[in-house]
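Computation of the quantities below employed the complete heavy-atom set of this structure, encompassing side-chain atoms and omitting hydrogens, waters and symmetry-equivalent molecules.
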Amino acid sequence: MLEARELEATRGSATLFRGIGFALRPGALLRVTGANGSGKTSLLRVLCGLAAPSAGEVRWNGTDVRALREDYWKQLAYVGHANALKDELTAAENLEIACALAGLDAAPARVQAAIARFGLAGRERLPVKLLSQGQRRRAALARLALSEALPLWILDEPFSALDADAVERVQSAAGEHLARGGMIVLTTHQEARIEARSATDINLGDGRTEARPSH
Amino acid sequence: MLAALRTVIRRDLLLAMRNKSDAANTLLFFVIVSSLFPLGVGPEPALLRTIAPGVVWVAALLASMLALARLFAADYADGTLEQLALAPQPLAAFVAAKILAHWLVSGLPLVLIAPLLGLQFDLSGTALLTLMASLLIGTPVLSLLGAVGAALTLGLRASGVLVPLIVLPLTVPVLVFGAGAVEAASSGLGAQAHLSLLGAFLLISAALSPWAAAVGIRIALE
Amino acid sequence: MNWFKYSSPATFYPLAGKMAPWFFAAAALSAVPGLYISFFVAPTDFQQGESYRIIFIHVPAAWMSMFIYVVMAFWAGVGLAFNTRLSSMMASALAPTGALMTFIALWTGSLWGKPTWGAWWVWDARLTSELILLFLYFGFMALQAAIDDPRRADKAGAVLALLGVVNVPIIYFSVQWWNTLHQGASVSLTRSPTMAATMLAGMLIMALAFWMYSIAASLLRVRSIILERERAADWVREWREAAR
């Protein structure tokens, strides 16, 4: 279970958000909304344990994630704003390396399936620099298809640069993850149509949390 | 854990293979800088023999500073550094692996080409061997110390100038004993003591630097 | 007395303002007799004549330059480990004073070198170490100046200062080794005359003056840093209202 209590973050001398709190249980989805500059990415980086909040704490199964460190990170898949792809390597090579670093099983057949699942079949042997923005985003998100063993997914704007087909593929992968008891935190401007037992929206503009009927 | 470290080393070597010009440029810089000195001070062989160890070592220092810009910057820009920081293994171990890969690509070639530069300066056979030995032990120290500087300046506008500015003063002991080893060998004193001290620096910096660089990376990512 | 009360910038700011003038006064009060002893009372050196008297400024400045680096690294390290803003600010405030002391040590060393060695600069072990120390100070200040976010500047500076403090003894001994190998200057500035009691007294009083000055100057500088960093805080706004 991922819990946040009274989180506050500042940029320079300005406060981005304060008093953010929630509890995310297995199978639950948390959508973070807010205008540009409201601190969505900052919140996700705090939840990952990359950045320290200026107040409050994030707990994973009851322990502060800043103390858990590697024990927390081995249960976490984070897809950030940047795609974390190497331009000179192919999509398949990128995926294999990312999985090896995260300690995930990267058997060639699984990598191939992940690439196909995100609609990149036939392009897996091209260096990433020859792919379009949207295709690169697909390659970055294909890591999720190999991360079913990681309970917590934190996704920063997963739908940016994606076409309707790719959005559909990401939503179905996310739905399956929630169905098997995973947890997802994501930021998005779009309405995400993800199958979830419980879905919560949190708006950083007013700090309000509201439960949403699931689709 | 070892598998993950091997992956990092293999990845960085693969990237260097697909982007050969980067490593070649560092080597070229090293050769050009040391070839400029005879043009500056004159072709007197006795003088050249005297300044050779210092010149080659200073050129190696500058060349490795130049190469440091690539150590973490690309990973920082494309988001892979974040992924390393969120991996189940300690970041310091990945940093050590990256430094090793970086040295293999940018430090080892300097060691291998150094005898050629030594010939330009009319160094004797023993002096050439000692030059190689001192660079072999000393250049990893430069990569290790430089990694901390590269980590601390990640993403800063002025990082290209800043890294040498903050790292070069720390490399003074390596320069003193690296160039000193060659001089000692030329004068028949034996370079054992110098090389042992360089080895001690290598051990100390290998123990401390990856850890300090990892702290620096986390500071930069925050 | 509750020391933790003064670990917050808001309470330390007025305290530093109250203390600084006292330290300046102490610096002036010890500098006057110190300089008098150094230049009029201490005996002329039989070997170097009057030019040796520069050591009364050179040696205390060299002591301070090294000592301040260690203190700076200490405060920076405390700031990094315990996330206390004031200690990091203290480290940043000490750096320019440390650099100034290093510069004074180099400058006076050079002034002494001309009559003694016949050159403004000789690669003497002590002077070379001071030069590298000056580079270390410059590196610390340049790194902090290049980082816009003050928290990141504090932490990055701390890592560099700690790395430097581990390195300073190694640099010092390697320069010493290098110097003996290359048969450097045979007369050293600090190893020169046998210390007469009055000379020792003069040097210690001058050292006290440098100490007091360094503390006063850093207190004033830390006040400016506090104001700059905390300009948006309520207490600064109230304080400005009151001052108007």
Quick check: are there more than 12 heavy atoms from other residues, nucleotides or ligands sitting under 6.0 Å from CH2 of Trp211(B)? no

So for Leu168(B), is it side chain, backbone, both, or neither that comes closer than 4.5 Å to the heavy atoms of chain C? neither

Nearest non-hydrogen partners of Ile166(B) and Gly139(C), listed with the distance: CG2-O, 3.4 Å

With ring centroids as reference points, do Trp178(C) and Phe177(B) lie under 6.0 angstrom apart? no

Is Asp148(C) close to chain B through its backbone or its side chain, or both, or neither, when contacts mean heavy atoms under 4.5 Å? side chain

Need one label for Val168(C): side chain, backbone, both or neither, based on atoms under 4.5 Å from any heavy atom in chain B. neither

Spacing of Leu160(C) atom CG and Leu162(B) atom CG [to the nearest 0.5 Å]: 9.0 Å

Which atoms of Leu208(B) are under 4.5 Å from chain C, going by heavy atoms: the side chain, the backbone, both sets, or neither? side chain

Go through the steps for Ile170(C) and Phe201(B) under the test side chain to side chain contact (heavy atoms under 4.5 Å, CB included), then give the verdict. CA-CA 9 Å; Ile170(C) 301 178; Phe201(B) 295 156; 3.4 Å; yes

Engaged part of Ala184(B) at the chain C interface, taking heavy atoms whose separation is under 4.5 Å: neither

Examine whether an atom of Leu170(B) lies under 4.5 Å from a heavy atom of chain C, and if so say whether it belongs to the side chain, the backbone or both; otherwise answer neither. both

At a heavy-atom separation under 4.5 Å, does Leu80(C) approach chain B through its side chain, its backbone, both, or neither? side chain

Can any side-chain N or O of Arg152(C) pair as donor or acceptor with the backbone N or O of Leu221(B) at less than 3.5 Å? no

Find the distance between CG (Leu143(C)) and CG (Leu165(B)) and round it off to the nearest 0.5 Å. 9.5 Å

Closest approach of Ser174(C) and Val176(B), non-hydrogen atoms and distance? O-CG1, 3.6 Å

Between Leu152(B) and Ile147(C), the two heavy atoms sitting closest are O-CD1, 4.4 Å

Decide, yes or no, whether a salt bridge links Lys155(C) with Glu222(B) under the criterion of side-chain N to carboxylate O below 4.0 Å. yes

Kindly indicate whether the side chain of Asn167(C), heavy atoms from C-beta on, has any atom under 4.5 Å from the side chain of Pro173(B). yes

